[in-house]
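Below is one structure; the comments refer to it alone.
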Amino acid sequence: MTTTVAKPDLRPANPNFSSGPCAKRPGWTPECLADAPLGRSHRAKIGKTKLEQAIALTREVLEVPADYRIGIVPASDTGAVEMALWSLLGERGVDMVAWESFGSGWVTDVVKQLKLADVRTIEAGYGKLPDLTKIDFDRDVVFTWNGTTSGVRVPSGDFIPADRKGLTICDATSAAFAQRLDFAKLDVVTFSWQKALGGEGAHGMLILSPRAVARLESYKPAWPLPKIFRLTSGGKLIEGIFKGETINTPSMLCVEDYLDALKWAKAIGGLDALVDRADANFAVLDRFTAKSGWLANLAVDPATRSNTSVCLTIVDPDVTALDKDGQAAFAKGFVSALEKEGVAYDIGAYRDAPPGLRIWCGATVETSDLEALLPWLDWAFAQQKATLKAAA
Ligand SMILES: Cc1ncc(COP(=O)(O)O)c(C=O)c1O
């Protein structure tokens with residue numbers, strides 16, 4: 001690898017490669033929000049209709065089965081996952097499956113906050129999936145479809161039996177709208193608007209299978225539930241939540257933005273088109289990685305490599321010879337050089353993950369922008385390497 005790489009001429013038209021909030025959809029402008037019913041009640045017909053539309057379009061674009069409930073809930077994906085954990089767990093033992101920071105966060109919640117007696121944790125470190133054959137689906141199971149901070153995803157829902165006795169609770173926030181979720185195998189699916197469709201933070205989606213609803217109506221947790229988590233009343237599901245009667249007040253500006261994103265998704269061809277765009281973006285980055293000689297995908301098994309939150313490590317021997325702090329400093333210098341040039345924002349690895357890069361490849365990212373970024377990666381690497389040599 002030469003240390004004299006000329007500064008590229010072309011810059012990405014959109015330098016937003018963050019893994020959340022993610023890039024807005026191509027063509028987005030604030031004018032897209034002009035139809036938001038601002039200053040009106042979300043319970044008025046105009047607001048309620050928007051919320052109902054958001055639910056209906058979510059079902060259509062994500063291809064959610066007709067008998068699954070879809071609700072808009074507070075506190076983004078975290079809110080949706082917490083509602084599920086606190087409302088459903090405790091009826092039987094639970095297997096917590098985690099392989100990166102967010103999954104580990106759910107383990108902490110269940111072990112240290114809910115303090116459930118019968119918990120098994122099935123874990124793997126960054127870059128790997130745990131042994132999924134160890135999961136006992138007669139128990140409840142909590143897992144993340146796509147680990148955003150390691151770029152490792154489950155390849156499919158094939159590891160989940162159709163005739164399970166427990167519930168599967170899946171944090172799908174960085175998978176939804178980019179990877180096909182096997183709804184028949186999932187009892188709870190959560191995601192937030194700020195991820196793959198480039199929406200805004202603060203609102204989460206909670207999707208429940210009929211079996212999850214049956215659990216809610218037959219089991220009452222031993223602990224108190226704050227109003228913000230409550231999905232039942234008098235032992236019955238609060239159906240209104242799944243018809244746009246939100247628990248508390250949503251931002252109608254964010255709702256309008258989500259509707260805009262969903263309409264764009266539908267117009268370009270729905271879920272197939274979204275998955276294809278993310279796959280095409282990933283392929284571009286993956287080809288570059290394979291040829292680079294200095295980058296590698298953190299996900300060891302190619303079948304588990306994310307097409308959204310692509311995590312890359314710097315494998316150049318001069319860099320791997322550094323200690324962890326040295327590697328982190330190298331990656332930090334790399335990322336800030338690109339930020340200063342205005343060619344890539346927010347592409348550093350997550351704070352708890354191994355040092356490196358994380359480049360979002362979801363459907364709202366244009367392939368041409370990713371292609372324009374690639375020569376800059378070589379440029380930044382050469383710059384950093386020259387700095388390293390000069391300091392040696
Ligand atoms: C897998 C996963 N779970 C949960 C979260 C938290 O999402 P939010 O901030 O939308 O609540 C994130 C955010 O990146 C995530 O990637």
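As the structure lists them, so they are numbered: ligands from 1, and atoms in each ligand from 1.
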Out of W264, W193, F191, W145, which residue meets the ring pair (Phe, Tyr, Trp, His ring centres under 6.0 Å) rule with F177?
F191
Just the distances, no angles: every ligand 1 N or O to protein N or O pair closer than 3.5 Å, one line each.
{"unit_1": "ligand 1", "atom_1": "3 (N)", "unit_2": "D77", "atom_2": "OD2", "d": "3.2"}
{"unit_1": "ligand 1", "atom_1": "3 (N)", "unit_2": "D171", "atom_2": "OD2", "d": "2.6"}
{"unit_1": "ligand 1", "atom_1": "10 (O)", "unit_2": "S76", "atom_2": "OG", "d": "2.5"}
{"unit_1": "ligand 1", "atom_1": "10 (O)", "unit_2": "D77", "atom_2": "N", "d": "3.4"}
{"unit_1": "ligand 1", "atom_1": "10 (O)", "unit_2": "S192", "atom_2": "OG", "d": "3.2"}
{"unit_1": "ligand 1", "atom_1": "10 (O)", "unit_2": "Q194", "atom_2": "NE2", "d": "2.8"}
{"unit_1": "ligand 1", "atom_1": "11 (O)", "unit_2": "D77", "atom_2": "N", "d": "3.3"}
{"unit_1": "ligand 1", "atom_1": "11 (O)", "unit_2": "T78", "atom_2": "N", "d": "2.8"}
{"unit_1": "ligand 1", "atom_1": "11 (O)", "unit_2": "T78", "atom_2": "OG1", "d": "2.5"}
{"unit_1": "ligand 1", "atom_1": "14 (O)", "unit_2": "K195", "atom_2": "NZ", "d": "2.6"}
{"unit_1": "ligand 1", "atom_1": "16 (O)", "unit_2": "T148", "atom_2": "OG1", "d": "2.4"}

Taking the six-membered ring for Trp, is the centroid-to-centroid distance between W360 and F17 below 6.0 Å?
no
Residues Y258 and T58: side-chain donor-acceptor under 3.5 angstrom:
yes
Would you mind telling me which of F159, W106, F102 makes a ring pair (Phe, Tyr, Trp, His ring centres under 6.0 Å) with F143?
F159
Mind running side chain to side chain contact (heavy atoms under 4.5 Å, CB included) on M205 and S192 for me, showing each step along the way?
CA-CA 6 Å; M205 300 300 282; S192 73; over 6 Å; no
Nearest heavy atoms of K185 and D158, plus distance in Å:
NZ-CA, 4.1 Å
